Amino acid sequence: MIILPLVFGIIILTGSIFAGFARDPYAKLIAIGIIGGGIMPLIIMRGYVDVATALAVIIPLSTIFVLQLCRKGAA
């Protein structure tokens with residue numbers, strides 16, 4: 001069971017490094033999605049299923065709003 005949190009930690013680090021170096025706002029959103037994908041199982045493993053449920057609703061909604069802001073900034 002020690003290997004699973006390590007794998008998710010590597011996924012989180014990969015997403016954060018990618019978000020740090022990415023210049024395109026859409027690439028940064030993908031990186032934030034990778035970070036969220038790594039954090040979600042860690043939250044569930046700790047037993048905070050209610051927090052994970054709230055994040056499962058909040059993360060896609062915030063992504064939609066940020067995508068609309070990126071589109072307006074490009075026009």
Side-chain angles (χ1 to χ4, degrees):
M1 266 318 202
I2 286 250
I3 193 97
L4 205 53
L6 184 65
V7 170
F8 292 130
I10 291 171
I11 290 172
I12 295 167
L13 283 174
T14 304
S16 61
I17 290 170
F18 182 59
F21 287 118
R23 298 283 183 220
D24 184 35
Y26 295 111
K28 285 188 185 278
L29 278 176
I30 292 170
I32 291 171
I34 292 171
I35 294 170
I39 288 176
M40 193 69 69
L42 292 177
I43 292 172
I44 293 171
M45 286 174 60
R46 298 289 289 170
Y48 298 116
V49 180
D50 55 343
V51 174
T53 305
L55 284 177
V57 173
I58 292 170
I59 290 174
L61 288 175
S62 63
T63 303
I64 291 170
F65 290 126
V66 171
L67 281 172
Q68 288 177 353
L69 287 174
C70 289
R71 189 181 72 202
K72 287 183 181 180

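The first residue of the sequence shown is numbered 1, and numbering continues consecutively from there. Computed from a prediction, not measured in an experiment: that's the story for all the values here.
Here the shortest heavy-atom pairing between Phe18 and Ala27 reads CE2-O, 3.4 Å. Considering all non-hydrogen atoms of both residues, Ala31 and Gly15 come closest at CB-O, 3.5 Å. Looking at every heavy atom in both residues, Met45 comes nearest to Pro5 through CE-CG, 3.5 Å. Closest approach of Pro41 to Gly38, counting heavy atoms only: CD-O, 3.5 Å.
In this structure, the side chains of Tyr48 and Asp50 come closer than 4.5 Å at one or more pairs of heavy atoms.
Between Leu42 atom CG and Leu4 atom CG the span is 8.0 Å, to the nearest 0.5 Å. The distance from the CD1 atom of Ile44 to the CG atom of Leu55 is 9.5 Å, given to the nearest 0.5 Å. Annotation: the span from Thr63 atom OG1 to Ile58 atom CD1 amounts to 11.5 Å, rounded to 0.5 Å.
Checking each of Ile10, Ile11, Leu6 against Phe8 for a side chain to side chain contact (heavy atoms under 4.5 Å, CB included) leaves exactly one that passes, namely Ile11.
Clustering ILVMFWY residues whenever any of their side-chain heavy atoms sit less than 4.5 angstrom apart, transitively, puts Val7 in the very cluster that holds Ile12. By the rule that hydrophobic residues join a cluster once side-chain heavy atoms approach within less than 4.5 Å of another member, Ile35 and Met40 end up as members of one cluster.
Remark: Leu61 CG is packed, more than 12 non-hydrogen atoms of other residues, nucleotides or ligands lying under 6.0 Å away.
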